Amino acid sequence: MNAHPPLPPRENKVVPLARALEFFHDGMTLMYGGFGGIGTPPTLTKGILEKGVTNLSLIGNDAGFPEVGPGPLFVNHRVRRLLASHIGSNPIAGDQMSRGELEVEFSPQGTLAERIRAGGVGLGGVLVDVGLGTVAETGKTTLELEGRTFLVEPALTAEVAIVYAAKADALGNLVFDKTARNFNPFVAMAGDITIAEADEIVPIGALDPECIVTPGIFVDMVVQSEGIHWTWVWEQRKEQA
Amino acid sequence: MNAHPPLPPRENKVVPLARALEFFHDGMTLMYGGFGGIGTPPTLTKGILEKGVTNLSLIGNDAGFPEVGPGPLFVNHRVRRLLASHIGSNPIAGDQMSRGELEVEFSPQGTLAERIRAGGVGLGGVLVDVGLGTVAETGKTTLELEGRTFLVEPALTAEVAIVYAAKADALGNLVFDKTARNFNPFVAMAGDITIAEADEIVPIGALDPECIVTPGIFVDMVVQSEGIHWTWVWEQRKEQA
Amino acid sequence: MSARAPRPGGVVGTGGDPADVRRRIAERAAREIVPGTVVNLGIGVPTLVADFVPHDIGVIFQAENGMLGYGAAPPPGHENGHLTNAGGLPVSETPGASYFDSTVAFGMIRRGRLDMTILGALQVSARGDLANWLVPGRRVPGMGGAMELAQKARRVVAITTHTSKDGEPKIVTECTLPLTAERCVHLIVTELAVIEVTPEGLVLKEVAQGHSVNEVAALTGAPLLVPDPPGVF
Amino acid sequence: MSARAPRPGGVVGTGGDPADVRRRIAERAAREIVPGTVVNLGIGVPTLVADFVPHDIGVIFQAENGMLGYGAAPPPGHENGHLTNAGGLPVSETPGASYFDSTVAFGMIRRGRLDMTILGALQVSARGDLANWLVPGRRVPGMGGAMELAQKARRVVAITTHTSKDGEPKIVTECTLPLTAERCVHLIVTELAVIEVTPEGLVLKEVAQGHSVNEVAALTGAPLLVPDPPGVF
């Protein structure tokens, strides 16, 4: 882990956005929750963009849409490298890839999710048979185990992971909102430093202990979300219609 | 997967205990939730015992206490083989092991949990560095990945997995009770057939979709629990005191 | 049955408005869905299939972004940006639904708990190989969750227009595009035909009303076994 | 500092009621716990440590059976059979607590999110190897979660009586029992001494009141570096 600014005390992890933004720097490895932009933390993403952080090495499910989720980081040429399962919804990222400006590695979605989780729970990797007989095998080590062939898929971590929660408390306990949960719970475990953005910050003890999805121990900082500032794709289509 | 009696329809998985017991047979591989007997399904365990099933190959965290959790299966000589992280709380299982009546394989607890989960989510195995330099290495394949050494830990599944839930609905959705959750959620995924015992069976829609721990798709049958029929160890100590 | 050799080239298109073609494919594919099963619909045309599945037959739709039991799109103005299918389109919650993360969603898929998936196709081969994610040099969106779905669902229905826009067969002896998964497709549904992948080869089960076996065979790039007579849909 | 050679054999025991010895060890170990940290207490004597940690210093106790934020044992008659620590003893829930499964519990541990663990020991070597799970031919309970805790917690405190019941040193040059983890122990707390494991060797940080450096050295099976003077506890 690199040197980084001091973390807030464990009993109160709530920090102003500006304090959280101290943890982002050029050339860093950054992992984000979200699936097609849904569940990607909007305020942190905007903050990273406005701070001018560039040359990013990103890990996430996808590149969002040009104006949604992580999309603007690509549109504004802040990304050097991406590990994702697809970029079909962000043609600008596709163009950058075609022109050689953006290095992209694809991983099957479920494999990518397990690789991130493996990093999050301190495993070295997982054995997967998805993608055997396809280009997903390219460059991968294979391993024979109990008569079957598997790809060795290394664990993934990142210097910083950012996630989007519905509610958080000062200990960093998180719950998510419906399908905005998607990649967030395991991305939250995989950051060397994890920063959660929450729509609502509630008092300690207000979250049902049986329903907490991410225990606070995995979260280093919590920032108040300013909410979604983009137009969802299906809203854009309606506007155009 | 072996031939087995017909499963109930997916829209109503609630069955009488007798119907669930049709799925247990001599010599089978059986996996159970629970940690020191806490969270091990009491009614199913009692049913297996009373049906006379024997020669079992078990996978679980531990052997419980002699009268608690899976313990009576050992005390009544129904177990041929056990894969667990410890048996310290069931000296009768330890005696059987010393006499060669019971074959025991130990796995570090977190590794065992991940091996069961790996089976439950259809992975081939996981790479773990816990236990390097100890007897936990014995008989394991090692693998070098990105300059580090890992043990290759194969995924585990079982013909039948049994779990103990606080509440279930007819679709098989489950929530657990406090630390009785322990091994249950991933054991629930690892059975070729999974049978859940629940303290309370609630109408479909009664469980908060955000708080469901085991989605019903992993569960094949639900039986009504008759509750704990043993005395907890700390109660026994109090009685003796 | 008699084997018919594929005819290269073939007539372009099948006529009809593209939206109507998509609707016809989705409608026929919907009839493959068995009551009381768990189904994942791929992104694109497969999503339309849900519109043709009766609500009262206990089908549970699964989405790899982390939901089991999603329902129809809500009425306009009632959409929720945090409640969508894997294609990012708004859906609703049915009783008994649950939310979970994507490792659990793919756990269900890899563990074989998914009864069926319906996926779009760029090519399907005579032995059921599926290519649906990459056209080298033209379209590189990434595989998303298609490899898991194609390889691990218990039954895979591939839906596609019978030929490409250029009239090239999409059902072929060997896929020329990079594969999503080998030997995974059980059934192919197009606007012209329903074709089963069997160990003996492709079997033409049904032909669309108003079209002939010869027409279908001419537009198919692999030999077809034809029962006498095939069904009509 | 001066190095003292270990003396084989040594005086048997240290006197005192075993319960009192355990209490003294737990009380001293509790002082190692830093306010605002996350701590896992091993099964057995380490469990007693919680009794000596002030409730208002924001320490969060983690249990590998799937709980973060457990509190003191409830009053007699208010125990809950489904609310226990990893040793199966009833605990209570503190505000901000959470429940999760054991893969998540060990995920926290392997990921290095645990600030400290306090574990019982059968032997600790001069370089911090820990043996605490198996006495071949006598006691084979299995390692439980000890390997993960010993290898992965950021700080490992091993607590033990200074010698075995037979008077054999438990702090030794090389462990003879099967290891739990190599080079993992940072600090050893016994009823007689507090010993730090350093790259230079074992350093005698503190001696229990009423005992001498010579007495401790005689009962220790590995060389001790002794600051002049060591602290007293």
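In the text below, chain A, chain B and the rest are named by the order of the sequence lines, each starting its count at 1. Nothing here was measured: the structure is a model prediction, and the numbers come from that model.
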Counting only non-hydrogen atoms closer than 4.5 Å, does Ala86(C) touch chain A with its backbone (N, CA, C, O), its side chain (CB onward), both, or neither? both

Any chance you could measure Asp101(C), atom CG, to Thr214(A), atom OG1, to the nearest 0.5 Å? 8.5 Å

Contact list (residues 116-130 of chain A to chain C, heavy-atom gap under 4.5 Å, by number) returns Arg117(A), Asp129(A), Val130(A)

Could you tell me whether the side chain of Gln109(A) and the main chain of Met143(C) form a donor-acceptor pair under 3.5 Å? no

Less than 4.5 Å to any heavy atom of chain C: does that hold for the side chain of Phe183(A), its backbone, both, or neither? both

Check whether more than 12 heavy atoms from other residues, nucleotides or ligands sit under 6.0 Å from atom CD of Glu67(A), and answer yes or no. no

Phe106(A) CZ to Trp133(C) CH2 distance, which is reported to the nearest 0.5 Å: 6.5 Å

About how many Å separate CE of Met67(C) and CZ of Arg181(A), when rounded to the nearest 0.5 Å? 11.0 Å

Can you confirm whether Lys140(A) is buried at NZ, in the sense that more than 12 heavy atoms of other residues, nucleotides or ligands lie under 6.0 Å from that atom? yes

When the 4.5 angstrom heavy-atom criterion is applied to Ser98(C) and chain A, the contacting part is neither

Heavy-atom pair count under 4.5 Å with chain A, highest-scoring of Glu93(C), Met147(C), Gln151(C): Gln151(C)

Distance-only, no hydrogens or angles: does the Glu148(C) side chain make a donor-acceptor pair with backbone N or O of Thr111(A) under 3.5 Å? yes

Set out, in order, the CA-CA distance, both residues' side-chain angles and the distance that settles side-chain contact (heavy atoms from CB on, under 4.5 Å) for Glu64(C) and Phe35(A), then state yes or no. CA-CA 10 Å; Glu64(C) 59 270 34; Phe35(A) 197 112; 4.1 Å; yes

Any side-chain heavy atom of Phe106(C) within less than 4.5 Å of one from Glu114(A)? no

Gap separating the CG atom of Leu83(C) from the CG atom of Asp177(A), nearest 0.5 angstrom: 8.5 Å

Point-to-point distance, once rounded to the nearest 0.5 Å, from OG1 of Thr103(C) to CG of Leu112(A): 11.5 Å

Find out whether Trp232(A) and His82(C) are in side-chain contact, i.e. whether some heavy atom of one side chain is under 4.5 Å from a heavy atom of the other. yes

Nearest 0.5 Å, please: how far is CD1 in Ile38(A) from CG in Asn80(C)? 9.5 Å

Quick check: closest heavy atoms across Pro178(C) and Val135(A), and the distance to 0.1 Å? CB-CG1, 4.4 Å

Within the supplied structure, the quantity of interest is the number of heavy atoms (other residues, nucleotides, ligands) at a distance under 6.0 Å from His229(A) NE2; does it exceed 12? yes

Selection from Gly66(C), Ala146(C), Pro90(C), Gly145(C) maximising heavy-atom pairs under 4.5 Å formed with chain A: Pro90(C)

If you look at every heavy atom in Thr134(A) and Thr180(C), which pair is closest and at what distance? CG2-O, 3.5 Å

Any side-chain heavy atom of Ser102(C) within less than 4.5 Å of one from Phe186(A)? yes

